[in-house]
*Asks:* 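So that we are looking at the same thing, I have put the structure below in structure tokens.
On a predicted model such as this, the values are computed, not experimentally measured, just so you know. Protein chains get the first letters and strands the later ones, always in sequence-line order, with residue 1 at the start of each.
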Amino acid sequence: MSIDPQTLLDWFDANARDLPWRHADCTPWGVLVSEIMLQQTPVARVLPVWRQWMERWPKPADLAAASQGEVLRAWGKLGYPRRALRLHTAANTIVAEHGGEVPADVDTLLSLPGIGAYTARAVAAFAYGRRAPVVDTNVRRVVARAVHGAAEAGPPSTKRDLDDVEALLPDGPDEARAARFSAALMELGALVCIARKPRCDDCPLFADCAWQKAGRPAYTGPTRPTQRYSGTDRHVRGLLLDVLRGTTGPVEKAQLDLAWPKAGQRDACLASLLSDGLVEQTADGRFALPGEH
DNA sequence: TATTCGTGGTG
DNA sequence: TCACCAAGAAT
């Protein structure tokens, strides 16, 4: 079972969202920034932060010149703030080793911090029009249904997933067409072939969908235990970081202690934040975002 | 391969 | 209400 490229591309032409990082005048840097921000983060929350970010730091060299604290502050509450630090480091590497230009080669992109199998190919395809299998959670779901006839994708396996999508990419000299196909596959998974209640009535692949033909069987594979958030280390780290984001300079530990009642967990989380470089301790024992003292 | 790492909207 | 979900990467 396969997917007809032109059918999907026609649907994409008519239904793609008008996102700023898809505009013709968006730079590869803008695409890279968007891809990092979009990791595990909804489009609606990324949009305003991305706009401010690109206005403030329109080139890698601009971000490289900023302090870590400024970067974390601009990242705001997008979540997973280590992404911001890694993007900052990547910008420095891009300036130091790539002439200030975002690399177009997948392997070079993979060598940058915060850029993995998905993001490297997304940048190669969406910023540079390269033919590359772009596999995210949306694409895995579309392929699971339309190609494999399963309700959900099983546990991820990078190599197998890449091979699956590679086999779907249109061949020929027009790499930009293959790149658009990758974007279209993602967009279909984001808008139509969605997780909870797929909108099969609106799907351009309905007639050929393996899952439809199989009678829409329920998912039978392994399920992930639902992860709680309240009270976890992630929660506590977020609370601590939020205190530092909310103030200009260093704060006393006593102020951080207000953020969470369990001293043991709180101190362990503060230690992990220090270890991750998300927080620094000043000479007089106070705490601040990195570079802000 | 399985866990860890934020945050907030939603059905 | 609360479990699920949202363009993953690093270890």
*Asks:* Kindly indicate whether a cation-pi arrangement holds for A:Arg145 with A:Trp211, taking the cut-offs as under 6.0 Å to the six-membered ring centre and within 45° of the axis.
*Replies:*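 Because its charged atom sits under 6.0 Å from the ring centre and within 45° of the axis, A:Arg145 does stack over A:Trp211.
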*Asks:* For the P atoms, the ones on B:dA2 and on C:dA7, what distance do you get once it is rounded to whole angstrom?
*Replies:*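 Those two atoms are separated by 22 Å.
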*Asks:* When rounded to the nearest Å, what value does the distance between P atoms of B:dG8 and C:dA9 take?
*Replies:*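 Each nucleotide's P atom is 23 Å from the other's.
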*Asks:* Would you please say whether a donor-acceptor pair under 3.5 Å links the side chains of A:Tyr118 and A:Glu35?
*Replies:*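 Indeed, the side chains of A:Tyr118 and A:Glu35 share at least one donor-acceptor pair under 3.5 Å.
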*Asks:* Assess, by modelled atom type and distance only, whether the side chains of A:Thr41 and A:Arg83 contain a donor and an acceptor separated by less than 3.5 Å.
*Replies:*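 Yes - a donor-acceptor pair under 3.5 Å links their side chains.
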*Asks:* What is the first contacted nucleotide of DNA chain B and what is the last, in 5' to 3' order, if contact means an atom lying under 4.0 angstrom from a heavy atom of chain A?
*Replies:*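 So the contact region on DNA chain B extends B:dT3 to B:dG8.
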*Asks:* Would you mind checking if A:Arg22 and A:Asp18 are paired as a salt bridge, meaning a charged N to carboxylate O distance below 4.0 Å?
*Replies:*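 The answer is no: the pair does not qualify as a salt bridge.
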*Asks:* Students often get this wrong, so: under 4.0 angstrom with heavy atoms, is A:Pro155 touching a base, only sugar-phosphate, or nothing?
*Replies:*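 Since no nucleic acid heavy atom lies under 4.0 Å of A:Pro155, the category is nothing.
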*Asks:* Quantified in whole Å, what is the C1' atom distance between nucleotide B:dT1 and nucleotide C:dG8?
*Replies:*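 Going atom to atom, C1' in each nucleotide, I get 16 Å.
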*Asks:* Output yes when a side-chain donor or acceptor of A:Gln212 lies under 3.5 Å from a complementary backbone atom of A:Ala207, and no otherwise.
*Replies:*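 Flag not set: sc A:Gln212 to bb A:Ala207 has no pair under 3.5 Å.
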*Asks:* Shoot me the first and last contacting nucleotide of DNA chain C against chain A, ordered 5' to 3', at under 4.0 angstrom to non-hydrogen atoms.
*Replies:*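 The contact span of chain A on DNA chain C goes from C:dA3 to C:dA10.
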*Asks:* Applying ring-ring contact (aromatic ring centres under 6.0 Å, His included), can you list everything that pairs with A:Trp75, at least two apart in sequence or on another chain?
*Replies:*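 With neighbours one apart ignored, the set is A:Trp53.
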*Asks:* Between A:Lys59 and A:Glu101, is there a salt bridge with N-O shorter than 4.0 Å?
*Replies:*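 Looking at A:Lys59 together with A:Glu101, the answer is no, because their closest N to O distance does not fall below 4.0 Å.
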*Asks:* Could you list by number each residue of residues 17-51 of chain A showing a heavy-atom separation from DNA chain B of less than 4.0 Å, or answer none if no residue does?
*Replies:*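 Heavy-atom contacts with DNA chain B come from A:Gln40, A:Thr41, A:Arg45.
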*Asks:* Whether the side chain of A:Arg131 engages the backbone of A:Ala178 through a donor-acceptor N/O pair (distance < 3.5 Å, no angle test) should be reported.
*Replies:*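 Not a single qualifying donor-acceptor pair exists.
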*Asks:* Pick the closest DNA chain C nucleotide for A:Tyr80 and for A:Glu152 by heavy atoms, then say which residue is nearer the 5' end.
*Replies:*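 Residue closer to the 5' terminus by nearest nucleotide: A:Glu152.
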*Asks:* Give the C-alpha distance, both sets of side-chain angles, the deciding distance and a yes or no for side chain to side chain contact (heavy atoms under 4.5 Å, CB included) between A:Leu8 and A:Trp11.
*Replies:* CA-CA 5 Å; A:Leu8 184 59; A:Trp11 174 86; 4.3 Å; yes
*Asks:* With rounding to the nearest 0.5 Å, note down the distance linking NZ in A:Lys253 to CG in A:Asp267.
*Replies:*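 Answer rounded to 0.5 Å: 4.0 Å.
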*Asks:* Which residue in the set A:Val236, A:Leu241, A:Leu240 passes side-chain contact (heavy atoms from CB on, under 4.5 Å) when paired with A:Leu270?
*Replies:*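 So, applying the side-chain contact (heavy atoms from CB on, under 4.5 Å) to A:Leu270 and each of A:Val236, A:Leu241, A:Leu240, only A:Leu240 qualifies.
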*Asks:* Tell me, which of residues 107-122 of chain A have any heavy atom that sits under 4.0 Å from an atom in DNA chain C?
*Replies:*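 Nucleic-acid contacts, sorted: A:Pro113, A:Gly114, A:Ile115, A:Gly116, A:Ala117, A:Tyr118, A:Thr119.
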*Asks:* Rounded to the nearest 0.5 Å, what separates atom CZ in A:Arg140 from atom CG in A:Asn138?
*Replies:*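 If we round to the nearest 0.5 Å, A:Arg140:CZ and A:Asn138:CG are 11.0 Å apart.
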*Asks:* Hey, is the main chain of A:Gly291 close enough, under 3.5 Å, to the side chain of A:Glu280 for a donor-acceptor pair?
*Replies:*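 Flag set: sc A:Glu280 to bb A:Gly291 pair under 3.5 Å.
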*Asks:* Run the salt-bridge test on A:Asp242 and A:Arg245 with the 4.0 Å N-O cut-off and return the result as yes or no.
*Replies:*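 Answer for the salt bridge query: yes.
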*Asks:* In residues 245-266 of chain A, what residues come within less than 4.0 Å of DNA chain C, judged by heavy atoms?
*Replies:*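 Contacting residues: none.
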*Asks:* Using modelled atom types and a 3.5 Å cut-off, is there a donor and acceptor pairing between side-chain atoms of A:Thr232 and backbone atoms of A:Tyr229?
*Replies:*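 Between the backbone of A:Tyr229 and the side chain of A:Thr232 there is a qualifying donor-acceptor contact (under 3.5 Å).
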*Asks:* Considering only atom P, compute the distance from C:dC4 to B:dT3 and round it to an integer number of Å.
*Replies:*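 It works out to 16 Å between them.
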*Asks:* Should A:Ile94 and A:Val71 be regarded as members of a common hydrophobic cluster, given that ILVMFWY residues are connected when their side-chain heavy atoms come within less than 4.5 Å of each other, either directly or indirectly?
*Replies:*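 Yes; A:Val71 is reachable from A:Ile94 via cluster members.
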*Asks:* Which residue, A:Thr232 or A:Arg196, contacts DNA chain B at a nucleotide closer to its 5' end, judged by nearest heavy atom?
*Replies:*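 This one resolves to A:Thr232.
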